[in-house]
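Below: one structure, written as structure tokens.
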Amino acid sequence: MSESDVATVVALAVDVFGPFHEESFRPAVGEEIFANQDAGWRQEYAEQIPRLHAPDEHKHVAVAEIDGRIGGFVAWTVVPAARNGEITHVAVSAASRRAGVGAALCEHAFARLKQAGAEVVTIGTGGDDFHAPARDLYASLGCTPFPLVTYYRRL
């Protein structure tokens with residue numbers, strides 16, 4: 001990801017993940033928990049996305065360019081000493097979905113992780129309806145799911 005890509009990648013992340021925050025997470029946890037846990041999600045993306053690409057910290061981002069536009073991105077980290085890595089973000093624009101872009105981005109990250117010495121990669125996603133396509137993608141790539149559950153409670 002080049003410096004000139006950052007604003008586009010932030011906008012893409014907001015566009016792709018906005019429905020999760022506003023239409024899935026918010027109604028599931030209610031207004032009080034949402035206000036405490038997630039109300040600043042847009043600002044968090046604006047701050048976090050630029051820091052995803054820091055090669056000296058073993059953090060990387062690759063973008064998929066389709067017809068001269070960024071159609072998706074993948075971010076990953078690697079811990080060479082532990083021989084493992086993590087894909088932290090995968091986002092594909094609505095116009096580029098169901099065309100193999102997500103799979104290509106993940107396969108690119110897998111190859112780069114392997115080159116960096118990783119033997120295992122983790123990739124997480126939600127168990128809600130919004131994340132069903134991601135779960136399908138990761139399963140199609142040969143990833144093995146291990147369910148985790150996070151509970152929220154207002155105090």
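The chain is numbered in sequence order, starting from 1.
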Next on the checklist: Does Glu22 form a side-chain contact (heavy atoms from CB on, under 4.5 Å) with Arg42? I'd like the steps, not just the answer.
Outcome noted: CA-CA 11 Å; Glu22 298 297 336; Arg42 285 179 184 85; 3.6 Å; yes

Rounded to the nearest 0.5 Å, what's the gap from [atom1] on [X] to [atom2] on [Y]? Could you check?
{"X": "Arg51", "Y": "Glu57", "atom1": "CZ", "atom2": "CD", "value": "9.5 Å"}
{"X": "Leu155", "Y": "Glu32", "atom1": "CG", "atom2": "CD", "value": "10.5 Å"}
{"X": "Leu148", "Y": "Thr125", "atom1": "CG", "atom2": "OG1", "value": "11.5 Å"}
{"X": "Leu52", "Y": "His60", "atom1": "CG", "atom2": "NE2", "value": "11.5 Å"}

Please tell me if the side chains of [X] and [Y] come closer than 4.5 Å, counting only heavy atoms from C-beta onward.
{"X": "Asp5", "Y": "Ile70", "result": "yes"}
{"X": "Asn84", "Y": "Val121", "result": "no"}
{"X": "Arg98", "Y": "Pro133", "result": "yes"}
{"X": "Ile123", "Y": "Cys143", "result": "yes"}
{"X": "Leu137", "Y": "Leu141", "result": "yes"}
{"X": "Arg154", "Y": "Ile33", "result": "yes"}
{"X": "Ile87", "Y": "Thr122", "result": "no"}
{"X": "Phe130", "Y": "Pro19", "result": "yes"}

Item to check | Residues Thr8, Leu12; criterion side-chain contact (heavy atoms from CB on, under 4.5 Å); working and verdict | outcome: CA-CA 6 Å; Thr8 303; Leu12 176 63; 5.5 Å; no

Show the nearest heavy-atom pair for residues [X] and [Y], with the distance to one decimal.
{"X": "Val101", "Y": "Ser96", "answer": "CG2-O, 3.6 Å"}
{"X": "Phe73", "Y": "Val63", "answer": "CB-CG1, 4.1 Å"}
{"X": "Gly85", "Y": "Ala118", "answer": "N-CB, 4.1 Å"}
{"X": "Val6", "Y": "Pro50", "answer": "CG1-CG, 3.7 Å"}
{"X": "Val90", "Y": "Cys106", "answer": "CG2-SG, 3.9 Å"}
{"X": "Val10", "Y": "Ala46", "answer": "CG1-CA, 3.9 Å"}

Next on the checklist: Does either side chain, that of Tyr45 or that of His21, offer a donor lying less than 3.5 Å from an acceptor on the other one?
Outcome noted: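 Yes - a donor-acceptor pair under 3.5 Å links their side chains.
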
Checklist entry - Given the rule that I, L, V, M, F, W and Y join up when any side-chain heavy atoms are under 4.5 Å apart, are Val16 and Val92 in one cluster? => result no

Next on the checklist: Main chain of Asp128, side chain of Arg135: is a donor-acceptor contact present, judged purely on distance under 3.5 Å?
Outcome noted: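 Yes, because the side chain of Arg135 sits within donor-acceptor range (under 3.5 Å) of the backbone of Asp128.
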
Next on the checklist: Whether the side chain of Arg69 engages the backbone of Glu65 through a donor-acceptor N/O pair (distance < 3.5 Å, no angle test) should be reported.
Outcome noted: no

Item to check | side-chain contact (heavy atoms from CB on, under 4.5 Å) between Phe17 and Ser24, worked out | outcome: CA-CA 10 Å; Phe17 297 115; Ser24 186; over 6 Å; no

Item to check | Verdict with reasoning, Asn36 to Phe34, per side-chain contact (heavy atoms from CB on, under 4.5 Å) | outcome: CA-CA 5 Å; Asn36 178 274; Phe34 179 81; over 6 Å; no

Checklist entry - Which word best sums up how the rings of Tyr152 and Phe25 line up, parallel for under 30°, tilted for 30 to 60°, or perpendicular for over 60°? => result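 Ring orientation, 0 to 90° scale: perpendicular.
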
Next on the checklist: Can you confirm whether or not the ring centre of Trp76 sits under 6.0 Å from the ring centre of His53?
Outcome noted: no

Checklist entry - Does a sphere of radius 6.0 Å around CZ in Arg97 hold more than 12 heavy atoms from other residues, nucleotides or ligands, not counting ones at 6.0 Å or beyond? => result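 Atom CZ in Arg97 is packed in, count exceeds 12.
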
